[in-house]
Amino acid sequence: MIDPDVKAQLGNYRQSIDNIDAALVHMLAERFRCTKEVGVLKAKYNLPPADPAREEFQIERLRRLAKDANLDPDFAEKFLNFVIKEVIRHHEQIAADLKA
Ligand SMILES: O=C(O)C(=O)C[C@]1(C(=O)O)C=C[C@@H](O)C=C1
């Protein structure tokens with residue numbers, strides 16, 4: 001049987017976790033809405049789906065922000081790379097659809 005006080009504390013934390021997860025989903029949806037427009041622009045003007053120099057800049061910046069925020073910079077880099085990999089997949093799909 002869980003202590004009612006502990007149960008209340010856990011419930012409070014979980015409410016914040018659920019709010020943060022919802023914000024993350026909304027922020028990611030907004031980011032992908034934007035990158036899909038970038039994908040259309042790139043496909044239209046024959047620009048490559050990936051821009052390694054831009055990614056290098058983003059990774060350095062995010063690692064710095066993560067450090068300042070007391071978040072593991074390796075995790076921040078892995079997360080950004082995971083998101084960017086999906087963005088590049090979208091860009092390639094948009095370019096292929098435009099050619100078809
Ligand atoms: O800025 C771009 O050129 C994008 O396509 C966006 C983005 C990103 O998701 O941040 C994705 C792929 C590129 O390699 C670099 C950055």
Side-chain angles (χ1 to χ4, degrees):
M1 186 47 190
I2 184 164
D3 182 280
D5 193 45
V6 173
K7 198 178 169 188
Q9 284 185 61
L10 192 59
N12 261 336
Y13 286 129
R14 283 181 174 169
Q15 179 140 35
S16 282
I17 290 166
D18 286 347
N19 286 344
I20 292 164
D21 286 349
L24 281 175
V25 163
H26 288 128
M27 285 192 284
L28 276 173
E30 205 51 24
R31 193 184 196 282
F32 277 105
R33 198 176 64 83
C34 189
T35 54
K36 278 182 181 167
E37 292 304 322
V38 171
V40 171
L41 200 66
K42 284 185 169 183
K44 230 168 122 184
Y45 293 97
N46 271 312
L47 296 168
D51 183 339
R54 166 73 178 151
E55 287 179 31
E56 212 176 298
F57 171 84
Q58 288 170 286
I59 288 165
E60 278 314 303
R61 177 174 174 268
L62 216 72
R63 288 189 68 92
R64 240 184 358 257
L65 289 172
K67 237 187 197 162
D68 289 349
N70 209 21
L71 178 73
D72 179 359
D74 290 342
F75 170 76
E77 179 172 347
K78 267 191 265 176
F79 177 72
L80 184 68
N81 279 330
F82 179 70
V83 172
I84 288 179
K85 197 172 164 203
E86 180 68 3
V87 170
I88 291 170
R89 198 181 64 77
H90 291 171
H91 286 357
E92 287 166 349
Q93 189 61 60
I94 292 166
D97 289 350
L98 206 85
K99 271 191 197 151

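The shown structure was predicted, so the numbers you read here are calculated from the model rather than taken from an experiment. Heavy-atom basis, side chains included; hydrogens, waters and symmetry copies ignored.
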(message) Before you tell me yes or no, could you show the steps for Ile84 and Gln58 under side-chain contact (heavy atoms from CB on, under 4.5 Å), namely the whole-Å CA-CA distance, both residues' side-chain angles and the distance that decides it to 0.1 Å?
(response) CA-CA 10 Å; Ile84 288 179; Gln58 288 170 286; 3.8 Å; yes

Let me confirm one number: the [atom1]-[atom2] distance from [X] to [Y], rounded to the nearest 0.5 Å.
X     : Y     : atom1 : atom2 : value
Leu47 : His91 : CG    : NE2   : 10.0 Å
Leu98 : Lys44 : CG    : NZ    : 9.0 Å
Arg14 : Asp21 : CZ    : CG    : 12.0 Å
Leu65 : Leu71 : CG    : CG    : 10.0 Å
Leu62 : Lys67 : CG    : NZ    : 13.0 Å
Lys7  : Gln9  : NZ    : CD    : 13.5 Å

Does [X] come within less than 4.0 Å of [Y], counting only side-chain N to carboxylate O?
X     : Y     : result
Arg33 : Glu30 : yes
Glu60 : Arg63 : no
Asp51 : Lys42 : no

(message) Hydrophobic clustering (ILVMFWY, side-chain heavy atoms < 4.5 Å, transitive) - are Ile88 and Ile59 grouped together?
(response)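 Yes; tracing contacts between hydrophobic side chains, which count when under 4.5 Å, links both residues.
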
(request) Determine the minimum heavy-atom distance between Ala76 and Ala66, stating which atoms define it. (result) CB-CB, 3.7 Å

(request) List the atom of Asp74, the atom of Asp72, and the distance in Å for their closest heavy-atom pair. (result)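 Nearest heavy atoms, Asp74 then Asp72: N-OD1, 3.0 Å.
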
(message) side-chain contact (heavy atoms from CB on, under 4.5 Å) for Phe82 and Lys85? Distances and angles first, verdict last.
(response) CA-CA 5 Å; Phe82 179 70; Lys85 197 172 164 203; 5.9 Å; no

(message) Within the 3.5 Å criterion, strictly below it, is a donor on Asn19 or Gln15 matched to an acceptor on the partner's side chain?
(response)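 Asn19 vs Gln15: no donor-acceptor pair found between side chains.
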
